[in-house]
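Dropping a structure here in structure tokens format, bear with me for questions.
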Amino acid sequence: MMRTHLCGRLSAAEAGQEVTLTGWVNRRREHGDHLTFIDLRDFSGVTQCVINNDIDVRSEYVLAVSGTVTMRTEDTVNPDLATGQIELKDCTVEVLSKAEPPPFPLDDRADGVDELIRLRYRYLDLRRQRMQKNMRVRSAVNAAIRNAMERQDFVEVETPMLMPSTPEGAREFLVPSRQRPGAFYALPQSPQLYKQLLMVGGLDRYYQIARCLRDEDLRADRQYEFMQLDMEMSFAEVDDVLSAAEVGVMDAAEAATGVRPDPVPRITWQEAMERFGTDKPDLRFEVELVELTDVFASTGFKAFSSASSIKGINVVGGSADYGRNKLDGLTDVAKSFGAKGMVWLRVKTEDGAPTLESPVAKFLSEEEKTALISRLSGNEGDLLLIIADEWMTTCGVLGELRNRVARPPVSQGPYKYLWVTDFPLFVGVDAVTGRPKPGHHAFCHPHPADVDKLETDPMAVRAWAYDLVLNGWELGSGSIRIHDPALQRRVFAVLGIDEDEANRRFGFFLEPFRYGAPPHGGFAYGIDRLTAILAGEENIREVIAFPKPQSGLDPMTDSPTEVDAKQLAELGLRTTI
RNA sequence: GGUCCCGUAGUGCAGUCUGGAGUGCACGCCGCCCUGUCAAGGCGGAGGUCGCGAGUUCAAAUCUCGUCGGGACCGCCA
């Protein structure tokens, strides 16, 4: 046994005991040849060791220190240190490893260090308290989720990493086949297809902490590879899936933060869009979109009279904060999200009555101005932002503006979970085929109340599809699946996929449904995203041991790398670079 | 593919707008001093391709163009 105790867990209770600690030199304070203090650090914390002889130990040397746990004198107690009541005296020191000085400080100051440097030396970055905490939060989240799923009779099943390419959706990573040169496996974007086959296979309830891979551009909340809690359950309705998933998320949240969140509220997609202008609303702040279309039903203002949907938000007290420069900036944002423009109005008081100051004020009637102020509850100093366009654009742009003017960092403030249900079955139209595009995926069950509109008004059909949102981040999504081949054929028909094409593209997936598929549905949520928010981080890289920067190129291992010509030849590959 | 921000010593920065010798700060590092510190303290020292390449200029960290790298975002992510 190399150590008898942990650095961070010594206390007055061990006073008088001979102990051996192991760890890294966190800091050394030298007072001459006869007195040196060493703060020895392991994952649990630090203990001060008092050295009374001349030794050469530097930062990050790895030591085994044996000594006597001794109560500190009253004037030398350090109240800022968990082990500040005691210290190790009469120490003998064994140097287990020497260390070069680290390229950046391994304390909080490294929070400001260029992330590329942290990633190049990630194994040093991981020694820091912040990263130690994040890795442990992640582990606790995983354990809590696994436990919650087991408790609910879900069965953990591993699905293949090497699977057929299915060109729908995200760009895939491909793996060349040696046995069949010129052919490729794909790495899973998600275990979607397999988990439904597990339902056909009678597993009844499946879960997996699954690695998913998508070759799309990286972001603060996106990596090439990420982890999902993936689940699927048979003989389940929407409510069953949401409830079962929620248990895992709540358990994870409680494990990470010590506080169990309240039951998660549910709103429909329609309501989310109307009130917040997004399908992933951040409920931590009050601002909501206000309907104004009727106010301007007979307006003389051209920009409004030509629009089918007019909505606004009130940036309370925002007049002073938003000068012309910032308003121009918001207008640019609005345009970049598809609006033709943005109308802003400052609420002023004139002769004791509220009035509006704006470049467009002169185009509005007194009745319209009064109604506008009243609808948006405008008070002196408020800033009103109005968008007029078709409904989707109006909502989407205002949703973006709402976030721009009021949204705190994702990691800040209370945790606001939200289920968004009844997503549309189809979103937008394929530019090539002119057919509706699936909102979630092609196997998503239409809302039974809307099934008869599949052929007549497909864009109005709601789906049994739902998202889980936390502080404005999409944590995950899922749906009830189609288990009836006849209904599946109808949905395919709307998508413009005939029987031949369906068999060609999804054959191995459709055949099983001929043999008795139970009604089933599922869900998957991102563990990196959940952990990041629960750990107070704004970036999932902070809760991933070895993440990649935005370029996707690993500064530590230098991957991706070129490979031997021999390896390529074996795979029947030749590069053209 | 696009927009915006950033790049100066091991690390974090100031200097860039308004061109004038690598002018500098803090931490770290090295050496010496120091018996109660805890981000110890004191003295001294080393450490620089101002990301890279062109251009303008008598003169470029500073201005221009290009390029590379990093970050945030749009597109993309069924």
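Below, chains carry the letters A, B, ... as their sequence lines are ordered, and counting in each starts from 1.
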>> Looking only at the side chain of Gln550(A) (C-beta and beyond, no hydrogens), which of the listed nucleotides G71(B), U11(B), C77(B) gets closest?
In response: G71(B)
> Given that both distances must come in under 3.5 Å, which nucleotide forms a Watson-Crick or G-U wobble pair with G41(B)?
Replying inline: C33(B)
>> Over all strands shown, is Asn539(A) touching base, sugar-phosphate only, or nothing at heavy-atom distances under 4.0 angstrom?
In response: sugar-phosphate
> Can you tell if the side chain of Tyr61(A) reaches within under 4.5 Å of the side chain of Leu40(A), non-hydrogen atoms only?
Replying inline: no
> If we take the C1' atom in both U57(B) and G69(B), what is their distance in whole Å?
Replying inline: 29 Å
> Partner of A59(B) by Watson-Crick or G-U wobble geometry, both contacts under 3.5 Å, or none?
Replying inline: none
> Just checking, any donor-acceptor pair under 3.5 angstrom between side chains of Thr531(A) and Asp528(A)?
Replying inline: no
Tabulate protein N/O versus nucleotide N/O from nucleotides 2-5 of chain B, keeping only pairs under 3.5 Å, one per line.
none

>> Can you build the contact string for nucleotides 25-36 of chain B? Use B for base contact, S for sugar-phosphate-only contact, and - for no protein heavy atom under 4.0 Å.
In response: --S-SSS--BBB
>> With a 3.5 Å limit on both atom pairs, tell me what C25(B) is paired to, counting Watson-Crick and G-U wobble, or say none.
In response: G12(B)
>> Would you measure the distance from the P atom in C6(B) across to the matching atom in G44(B) and give it in whole Å?
In response: 37 Å
>> Pick the closest RNA chain B nucleotide for Ser190(A) and for Arg29(A) by heavy atoms, then say which residue is nearer the 5' end.
In response: Arg29(A)
>> Under 3.5 Å for both donor-acceptor distances, Watson-Crick or wobble: does G47(B) have a partner, and if so which one?
In response: none
>> Return the CG to CD distance between Asp125(A) and Gln132(A), rounded to the nearest 0.5 Å.
In response: 10.5 Å
> For G66(B), what is the paired nucleotide under Watson-Crick or G-U wobble rules, both distances under 3.5 Å?
Replying inline: C52(B)
> Quantified in whole Å, what is the C1' atom distance between nucleotide U64(B) and nucleotide C27(B)?
Replying inline: 36 Å
> In a check of side-chain hydrogen bond (donor to acceptor under 3.5 Å, both in side chains) between His520(A) and each of His445(A), Gln196(A), His483(A), which one passes?
Replying inline: Gln196(A)
>> Once you apply a heavy-atom cut-off of 4.0 Å, does Asp114(A) come out as touching a base, just sugar-phosphate, or nothing?
In response: sugar-phosphate
>> Work out how far the C1' atom of U8(B) is from that of G70(B), and round it to whole angstrom.
In response: 16 Å
> Does the ring of Phe426(A) carry Arg435(A) above it, NZ/CZ under 6.0 angstrom from centre and within 45° of its axis?
Replying inline: no
> Pick the nucleotide of RNA chain B nearest each of Glu400(A) and Lys548(A); which residue has the one closer to the 5' end?
Replying inline: Lys548(A)
> So what does Arg541(A) touch, heavy atoms closer than 4.0 Å: a base, only the sugar-phosphate, or nothing?
Replying inline: sugar-phosphate
> Can you list the steps and then say if Glu537(A) with Arg130(A) is a salt bridge (Lys or Arg N to Asp or Glu O under 4.0 Å)?
Replying inline: CA-CA 10 Å; Glu537(A) 297 288 358; Arg130(A) 175 188 185 184; 2.8 Å; yes
>> Using a 4.0 Å heavy-atom cut-off, does Ser551(A) contact any base of the nucleic acid, only the sugar-phosphate backbone, or nothing at all?
In response: sugar-phosphate
> Under 4.0 Å between a side-chain N/O of Ser336(A) and OP1 or OP2 of C73(B), yes or no?
Replying inline: no
> With rounding to whole Å, what would you report as the distance between U62(B) and U56(B) at their C1' atoms?
Replying inline: 13 Å
> Looking only at atom C1', what distance separates G22(B) and A61(B), rounded to whole Å?
Replying inline: 9 Å
> Considering every strand shown, what is the Watson-Crick or G-U wobble mate of G75(B) when both distances are under 3.5 Å?
Replying inline: none
> About how many Å separate CZ of Phe226(A) and CD of Gln189(A), when rounded to the nearest 0.5 Å?
Replying inline: 9.0 Å
> Rounded to the nearest Å, what distance is computed from the CZ atom of residue Phe337(A) to the C1' atom of nucleotide C73(B)?
Replying inline: 8 Å
> Is Gly84(A) touching bases, backbone alone, or none of the nucleic acid, heavy atoms closer than 4.0 Å?
Replying inline: nothing
>> Please report the distance separating the P of G10(B) from the corresponding atom of G48(B), rounded so that it comes out in whole Å.
In response: 7 Å
> How far, in whole Å, is A40(B) from U3(B) if one measures between their C1' atoms?
Replying inline: 49 Å
> Does any nucleotide pair with C17(B) by Watson-Crick or G-U wobble geometry, both distances under 3.5 Å, and what is it?
Replying inline: none
